[in-house]
There are 4 protein chains.
Amino acid sequence: MSRDLPVIVDQHEPEASTPVRSRDATNTRELLLQAARRRFAYDGYAATTVRDIAADAGVNVALINRYFASKEGLFEACLARAAEDLGSPDAGAVTLDDVLQVMITQVAALPNGEQPLQLLLLLRSSGDERADRIRRNTLQSFAERMAEVAGWRATDAGGEDLILRAQIMLATGLGIVLLRSSSGMEPLTSATGQQLGTPLGEVLTTLLSSSPPGRRR
Amino acid sequence: MSRDLPVIVDQHEPEASTPVRSRDATNTRELLLQAARRRFAYDGYAATTVRDIAADAGVNVALINRYFASKEGLFEACLARAAEDLGSPDAGAVTLDDVLQVMITQVAALPNGEQPLQLLLLLRSSGDERADRIRRNTLQSFAERMAEVAGWRATDAGGEDLILRAQIMLATGLGIVLLRSSSGMEPLTSATGQQLGTPLGEVLTTLLSSSPPGRRR
Amino acid sequence: MSRDLPVIVDQHEPEASTPVRSRDATNTRELLLQAARRRFAYDGYAATTVRDIAADAGVNVALINRYFASKEGLFEACLARAAEDLGSPDAGAVTLDDVLQVMITQVAALPNGEQPLQLLLLLRSSGDERADRIRRNTLQSFAERMAEVAGWRATDAGGEDLILRAQIMLATGLGIVLLRSSSGMEPLTSATGQQLGTPLGEVLTTLLSSSPPGRRR
Amino acid sequence: MSRDLPVIVDQHEPEASTPVRSRDATNTRELLLQAARRRFAYDGYAATTVRDIAADAGVNVALINRYFASKEGLFEACLARAAEDLGSPDAGAVTLDDVLQVMITQVAALPNGEQPLQLLLLLRSSGDERADRIRRNTLQSFAERMAEVAGWRATDAGGEDLILRAQIMLATGLGIVLLRSSSGMEPLTSATGQQLGTPLGEVLTTLLSSSPPGRRR
DNA sequence: AATGAATGAGGTTTCATTCAT
DNA sequence: GATGAATGAAACCTCATTCAT
């Protein structure tokens, strides 16, 4: 996300004022990625047209094929970016509190008011085999990292329960993001990260904290 | 829900003898609804073609327009059906345990091995205003009924927290259904209702059990 | 060619008069095949657009995909038809005179004034592997049948010379068809079958008649 | 023809030293012409993309428009070049043997192993009027020169037969070139100039040798 | 009531060409 | 002079829908 050059690319409407096409390839690529990410995340793959994306980015449609070979290729690039974004921040997560912070960040609004799109994107499928593998792997390893913080080790026998619980935690986050973006339900949609933090933290503790003895098995 | 039973939809034999042909019409309608529900739920609205649905149902494509006016109309009919199905069973839910049973039923496999499609369907949007209102209302009242069981009353002032918590509970269920149907993640996808029941029950209790008046912290 | 139902399908312009779409699938298929054959033969695969073909046939463009899956599929169907047409007539060719008749028929105008398109079509390539195999095989076996009439047997050792000569004979026919259709050169283009018959017969005799002893080897 | 020699077109070294950069321009033009000729000849006009040509030539696509105004202009330049190449060598052809040598040269491989492309190119059409006129004229005068060697005079009345025969001879050559380049038929494709010489010579004699006044039958 | 042929709008992609640098 | 970014037209194809039968 730090590579977003947010100063330059933070517009998402066909900027009516400047007719000066920027003629900067990497910037154009970035504009397309941003626009695509938003559309794919909110509307899904099939409901999104490349014309929509190009219009949002303020560039010509043909450039999608130039830079990403196809609509499918653009989608895959979005997924790969989301996988990166979700991969690194967790590196430092070593306590359940860290995990909670990550989850809140991914579920609630960002400091600049934008909604985070990574989780939403990971729920969208294009039907393509390669893209789906990226999705699956990213989701799976996200859950596994949560389980690891909770004490799970890959070599554990019978530790499946912890993984299942981590996946349910992930499901909670995904469900919230989805409802916020597509249902407009209140108070959920307008809830701040702080308001969501308390119940989310309770769920996290319930599911993954090993303190209450006698739960496992 | 009883309509789901395969007894009624026992396929489309030409049955040449009986002159009662209106039976055919309603049966055809039903076949289309079943097929559409599955496709819309699993693939989403935009990714589903009316030809797919007609082929699954074993009937001619033109009948979709005949009976439901349009693809959109068919989708709306599916949503209405899902709203009914989710509306009635809850009527009797008066304890948190009842709520848990409903949630498990909606999230895990049915006795006959079929996946329940209602929640999945409620996550799909066609972009149409009318259809989206049905979705929203159904989800909202589903959450509200959960909150009511937990002690919330519509006239309460300041009871928003309980509603939010019910919506998070709903989000958990939706997220699980979604992951099970679209990611193939294990062990989540293959988990039985029983295996899911324990953690789901813990989450439900954590979020909605009002027993300790000082629940928070 | 006898399957052409020439009465019905002998138009090649978007029949302006009758607005009554015929709603007869096999006839529509046939109209498309006729139109495509002409376009592909005269203009080549790449220069022909499916809209051209549909307009010539007087039907909607989408029907090309409906009946032939793709432009490529339509082309392949044209080739297959041409292969059939060139396959049967030769069955009875047992003398060089028979071969000459076949060649004249394929090179000069038909009784009804239409140009024969089979040879022309066999010169066109779409770049597709499957289609090209059909082309190759048809041309090769056409030449081999000529060589057989001239005395060649597949089991011959050292009979390659006869095959080469048959291929040159075929080349002559192909070249004439091509020049007549694409260059407008006179008197070649307007020459009748009769006028072409004499020189063609001489060439055929020269290349394939074994009478003059001492030529072979 | 001498321009074809690889010595002149020895690729596009940046050659940083010489300040004479006009050399680069003409060299670039030449590289484009060579590449275009090959592509147009083998694949036809419509199936060839300017990007293919530029890539083959190792230069930027935009230079095609710079130097030749358009794809069409480049094609015309190729045709003009082919017309020149075919025009001069015949000047000295005064006997049927000379004609045979020219034909063999144009049909079979060159000494350096490259296929001659002129005849192939003359069979390709872009649909453009001007370009087609060049094609037609070149082919026509090629045939006329053959007829002249065989005794035809432009002022002859009733000498049409000789022209027709020359055109058939030309057709034979064109057909062979075409089959060799696009069908892979054997033994034709791999035949050497020598192997082709005997039958070609027989055909030439048969068609154009005027020695026996009562040639016909 | 049901079928399948036909249609037109719109989707993705390709390609020749133009424009800044 | 040369490059590569950008553009718009047009190509192939898909799909919901309508029309005869």
Side-chain angles (χ1 to χ4, degrees), chain A residues 20-29 46-54 58-74, chain B residues 12 14 21-29 46 48-54 59-74, chain C residues 20-29 46-54 58-74, chain D residues 12 14 21-25 28-29 46 48-54 59-74:
Chain A
V20 187
R21 287 274 65 67
S22 59
R23 206 164 278 271
D24 170 348
T26 59
N27 187 38
T28 299
R29 256 189 74 104
T48 299
T49 76
V50 291
R51 287 201 140 81
D52 290 339
I53 297 172
V59 307
N60 187 282
V61 207
L63 295 181
I64 288 178
N65 299 279
R66 179 173 176 70
Y67 291 127
F68 301 96
S70 65
K71 179 188 182 185
E72 181 60 46
L74 175 54
Chain B
H12 39 98
R21 77 178 53 179
S22 69
R23 283 282 304 269
D24 288 339
T26 53
N27 188 36
T28 297
R29 258 188 74 102
T48 299
T49 75
V50 291
R51 290 203 133 81
D52 288 339
I53 298 172
V59 308
N60 188 280
V61 205
L63 297 182
I64 288 179
N65 293 278
R66 183 173 195 71
Y67 288 133
F68 301 95
S70 66
K71 181 189 182 185
E72 182 58 48
L74 175 53
Chain C
V20 188
R21 288 274 65 69
S22 59
R23 204 164 279 270
D24 170 349
T26 58
N27 187 38
T28 298
R29 255 188 76 103
T48 299
T49 76
V50 291
R51 289 204 137 78
D52 289 341
I53 296 173
V59 306
N60 188 282
V61 206
L63 295 180
I64 288 178
N65 299 279
R66 179 173 175 69
Y67 291 128
F68 301 96
S70 65
K71 180 189 181 185
E72 180 60 47
L74 176 53
Chain D
H12 39 98
R21 76 179 54 178
S22 71
R23 283 282 303 271
D24 287 339
T28 297
R29 258 189 73 103
T48 299
T49 76
V50 291
R51 289 201 134 82
D52 288 340
I53 297 172
V59 307
N60 188 281
V61 204
L63 296 181
I64 288 178
N65 292 277
R66 182 172 195 72
Y67 288 134
F68 300 95
S70 66
K71 180 189 182 185
E72 181 60 46
L74 176 54

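Here is how names work: the chains are called A, B, and so on, in the same order as the sequence lines, proteins then strands, and each is numbered from 1.
The phosphate of dG10(E) (OP1 or OP2) has no side-chain N or O of Thr49(A) nearer than 4.0 angstrom. An OP1 or OP2 oxygen of dA5(E) is reached within less than 4.0 angstrom by a side-chain nitrogen or oxygen of Arg66(C). Within the structure, every side-chain polar atom (N or O) of Ser70(D) is placed at least 4.0 Å from both OP1 and OP2 of dA16(E).
Whole-Å rounding puts the Asn65(A) CG to dC12(F) P distance at 17 Å. Rounded to whole angstrom, the span from the CG atom of Leu63(C) across to the P atom of dA5(E) amounts to 10 Å. The separation between Ile64(A) atom CD1 and dT13(E) atom P is 9 Å, rounded to whole Å. Rounded to a whole Å, the CZ atom of Arg51(B) is 11 Å from the C1' atom of dA6(E). Arg23(A) has its CZ atom 11 Å from the C1' atom of dT3(F), to the nearest Å. The interatomic distance linking Leu74(D) (CG) with dT17(E) (P) rounds to 10 Å, in whole Å. Between Lys71(C) atom NZ and dA11(F) atom C1' the separation is 8 Å, expressed in whole Å. Whole-Å rounding puts the Arg29(C) CZ to dG4(E) P distance at 16 Å.
The side chain to side chain contact (heavy atoms under 4.5 Å, CB included) test with Leu74(D) singles out one residue from Val50(D), Ile53(D), Thr48(D), and that residue is Ile53(D).
Ala25(C) comes within 4.0 angstrom of the backbone, heavy atoms only, and of no base. Among the atoms of the strands shown, none is found under 4.0 Å from any heavy atom of Thr26(C). Among the protein residues, Tyr67(D) comes within range of the sugar-phosphate backbone only, with heavy atoms under 4.0 Å from sugar or phosphate atoms but none that close to a base.
If Val61(A) and Val61(C) are placed on DNA chain E by their nearest nucleotide, the residue sitting closer to the 5' end is Val61(C).
When distances are taken from the side chain of Val50(A) to each of dT12(E), dT18(E), dT14(F), the shortest belongs to dT12(E). Distances from the side chain of Asn60(B) to the nucleotides dG4(E), dT17(F), dG4(F) place dG4(E) closest.
Looking at heavy atoms from C-beta onward, Leu63(A) lies in side-chain contact with Arg66(A) at the 4.5 angstrom threshold.
In this structure, dA20(F) forms a base pair with dT3(E), meeting either the Watson-Crick or the G-U wobble geometry with both donor-acceptor distances under 3.5 Å. dC15(E): Watson-Crick or G-U partner is dG8(F), with both key distances under 3.5 Å.
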